[in-house]
Amino acid sequence: MKFIGIDLGWKSQPSGLCCLELVNEQLHLLNLDRIEEIADVLSWLDNWVQPQDNAIAAVDAPTIIPNLTGSRLPDKLTHKYFGRYHAGCYPANLGLAFADRTVNFGVELEHRGFVHAPEITPQKLGKYQIEVFPHPAIVELFNLPLILKYKKGRLLERRLELIKLYKYIVEVLPTFTPALNLNSHPVLFAEIPTTGKALKALEDKLDSIVCAYVGAYWWYWGEEKNIVLGDRATGYIVIPKREI
């Protein structure tokens with residue numbers, strides 16, 4: 001089973017991409033990339049997930065948007081349940097500039113056989129797609145009191161927060177089930193960048209790892225250790241449950 005993490009560029013930005021594969025209860029990193037054009041993102045996907053492969057694509061973007069204005073139900077629910085962690089998401093509606101791009105991406109996945117999975121039978125092979133959101137996922141997976149603020153603010157502060165995320169990924173995810181095995185990539189990055197452009201590129205890649213891991217966690221555990229905000233009709237976001 002393969003787990004694809006896609007930190008989709010909502011407008012014209014590049015997308016962070018991660019491919020994990022589950023072998024003997026270990027998630028192995030096969031590829032980590034960042035690609036500009038949507039067509040090239042889909043080509044990357046086609047390369048790493050062949051027609052006969054089982055896989056789940058976990059996308060950080062609203063791929064289902066039924067509402068013309070306002071916010072979707074899952075958007076509102078992130079604020080209800082995760083607002084106290086500063087982990088509410090942006091509203092999505094069909095009137096916003098990014099809507100065609102993100103919804104069409106979900107359709108492209110469907111054309112490739114990735115069916116939406118707001119419900120899932122744990123560990124059942126198949127091709128699935130889900131929407132995920134790294135901020136609340138990171139809060140829940142790592143039992144944090146607030147989000148890691150690596151997206152906004154002064155460069156130095158963002159860099160320190162991104163270092164924290166990097167450490168959680170390489171030190172904590174290998175202790176979970178399923179475990180992230182980075183033995184073939186003992187050093188993902190030689191150093192954490194110090195310039196804004198390079199830091200953003202790293203941010204996208206780390207987010208894609210989180211997306212892929214959430215996809216694996218959903219497939220492995222289902223509703224036992226995850227919650228789903230919304231449904232197929234309203235749009236939905238899959239978020240791991242905090243271990244207490």
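- The side-chain heavy atoms of Lys200 and Arg34, taken from C-beta on, include a pair separated by under 4.5 Å.
- A continuous path of Ile, Leu, Val, Met, Phe, Trp and Tyr side chains, each step under 4.5 Å between heavy atoms, connects Leu141 with Ile163, placing both in one hydrophobic cluster.
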| task | Let me see the working for Phe82 and His135 under ring-ring contact (aromatic ring centres under 6.0 Å, His included), right down to the final yes or no. | result | CA-CA 9 Å; Phe82 299 101; His135 269 326; over 10 Å; no
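- Between the Glu110 side chain and the Val115 main chain, no donor and acceptor come within less than 3.5 Å of each other.
- In plain terms, the two heavy atoms of Ile147 and Ala87 that are nearest each other are CG2-CB, 3.6 Å.
- The CD1 atom of Ile6 sits 10.5 Å away from atom CG of Asp60, with the distance rounded to the nearest 0.5 Å.
- With hydrophobic clusters built from ILVMFWY side chains whose heavy atoms lie under 4.5 angstrom apart, Leu155 shares a cluster with Leu165.
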| said: Please determine whether side-chain hydrogen bond (donor to acceptor under 3.5 Å, both in side chains) holds for the pair Ser43 and Asp40, giving the CA-CA distance in whole Å, both sets of side-chain angles, and the decisive distance to 0.1 Å. | reply: CA-CA 5 Å; Ser43 294; Asp40 295 329; 4.9 Å; no
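- Side-chain contact between Leu45 and Ile4: present, with at least one pair of heavy atoms (C-beta onward) separated by less than 4.5 Å.
- Looking at Tyr150, Phe133, Tyr85 one by one, the single match for side-chain contact (heavy atoms from CB on, under 4.5 Å) with Ile138 turns out to be Tyr150.
- Distance alone, capped at 3.5 Å, is enough to place a donor-acceptor pair between the Asn67 side chain and the Ala92 backbone.
- In this pair, Phe176 and Tyr217 present their aromatic rings tilted. The plane angle is within the 30 to 60° band.
- Using a 4.5 Å cut-off on side-chain heavy atoms (C-beta onward), Pro62 and Glu131 make contact.
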| Full working for ring-ring contact (aromatic ring centres under 6.0 Å, His included) between Tyr128 and Trp219 | CA-CA 9 Å; Tyr128 310 101; Trp219 179 82; 8.2 Å; no
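- Remark: side-chain polar atoms of Arg101 are not paired, donor with acceptor, to backbone N or O of Ile38 under 3.5 angstrom.
- Hydrophobic cluster membership is shared by Leu125 and Trp221, with clusters built from Ile, Leu, Val, Met, Phe, Trp and Tyr side chains linked at under 4.5 angstrom.
- Nearest heavy atom pair, residue Glu25 against residue Tyr220, reads OE1-OH, 2.6 Å.
- The residues Lys152 and Glu157 are annotated as not salt-bridged, no charged nitrogen and carboxylate oxygen being separated by less than 4.0 angstrom.
- Interatomic distance, Lys11 NZ to Thr102 OG1, rounded to the nearest 0.5 Å: 11.5 Å.
- Crowding of Gln13 atom CD: a count of heavy atoms from other residues, nucleotides or ligands under 6.0 Å exceeding 12.
- Atom CG of residue Asp204 and atom CG of residue Asp7 lie 5.0 Å apart, to the nearest 0.5 angstrom.
- There is no path of hydrophobic side-chain contacts, each under 4.5 Å, that joins Val23 to Met1.
- The minimum heavy-atom distance between Glu36 and Pro14, with the atom names listed, is OE1-CG, 3.4 Å.
- Heavy-atom minimum distance, Ser208 versus Leu32: OG-CD1, 3.5 Å.
- Distance alone, capped at 3.5 Å, places no donor-acceptor pair between the Asn181 side chain and the His28 backbone.
- Rounded to the nearest 0.5 Å, atoms CD (Gln129) and CD1 (Ile56) are 9.5 Å apart.
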| Derivation of the side-chain contact (heavy atoms from CB on, under 4.5 Å) call for Ile239 and Glu140 | CA-CA 8 Å; Ile239 300 170; Glu140 293 294 280; 4.1 Å; yes
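- For Thr63 (side chain) and Val103 (main-chain N/O), no donor-acceptor pair under 3.5 Å exists by modelled atom type.
- A salt bridge links Asp207 with Lys151: at least one charged nitrogen is closer than 4.0 Å to a carboxylate oxygen.
- Ile130 places none of its side-chain heavy atoms less than 4.5 Å from the side chain of Ile237.
- Of the possible polar contacts, none joining the Lys241 side chain to the Ile227 backbone as a donor-acceptor pair under 3.5 Å is found.
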| query | Under the side-chain hydrogen bond (donor to acceptor under 3.5 Å, both in side chains) criterion, do Trp48 and Asp53 qualify, and how do the steps go? | reply | CA-CA 9 Å; Trp48 287 103; Asp53 288 342; over 6 Å; no
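- Between the NZ atom of Lys164 and the CG atom of Leu148 there is a distance of 6.5 Å, given to the nearest 0.5 Å.
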| task | List the steps, then state whether side-chain contact (heavy atoms from CB on, under 4.5 Å) holds for Leu229 with Leu73. | result | CA-CA 8 Å; Leu229 305 181; Leu73 176 61; over 6 Å; no
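- Contact annotation: the side chain of Pro178 approaches that of Leu22 to within less than 4.5 Å [non-hydrogen atoms, C-beta and beyond].
- Relative orientation of the Trp10 and Phe98 rings is tilted, given thresholds of 30° and 60° on the angle between their planes.
- Of the possible donor and acceptor atoms, one in the side chain of Asn104 sits under 3.5 Å from a partner among the backbone N and O of Asp100.
- At a threshold of 4.5 Å between side-chain heavy atoms, the hydrophobic network of Ile, Leu, Val, Met, Phe, Trp and Tyr places Trp44 and Leu30 in one connected group.
- Looking at heavy atoms from C-beta onward, Tyr168 lies out of side-chain contact with Val210 at the 4.5 angstrom threshold.
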| request: Would you check, one step at a time, whether the test side-chain contact (heavy atoms from CB on, under 4.5 Å) holds for Val49 with Lys127? | output: CA-CA 10 Å; Val49 181; Lys127 263 201 175 89; 3.6 Å; yes
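- To the nearest 0.5 Å, the span separating CD1 on Ile209 from CG on Leu180 amounts to 7.0 Å.
- Between Gly70 and Asn93, the closest heavy-atom pair is O-ND2, 2.9 Å.
- Panel note: side chain Asn54, backbone Gly126; a donor-acceptor pair is recorded below 3.5 Å.
- The shortest side-chain heavy-atom distance between Ile35 and Ser15 does not fall under the 4.5 Å cut-off.
- Summarising the geometry of Leu199 relative to Ile192, their closest heavy-atom pair is CD1-CG2, 4.0 Å, with the distance given to 0.1 Å.
- Taking a cutoff of 4.0 Å between a charged side-chain nitrogen and a carboxylate oxygen, Glu161 and Arg154 do not qualify as a salt bridge.
- Ile64 is listed as a side-chain neighbour of His116, based on a closest heavy-atom distance under 4.5 Å.
- A donor-acceptor contact shorter than 3.5 Å is absent between the side chain of Asp75 and the backbone of Ser71.
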| message | As a quick check of understanding, evaluate side-chain contact (heavy atoms from CB on, under 4.5 Å) for Trp218 and Glu223, giving each step before the final call. | response | CA-CA 7 Å; Trp218 175 235; Glu223 293 184 8; 3.8 Å; yes
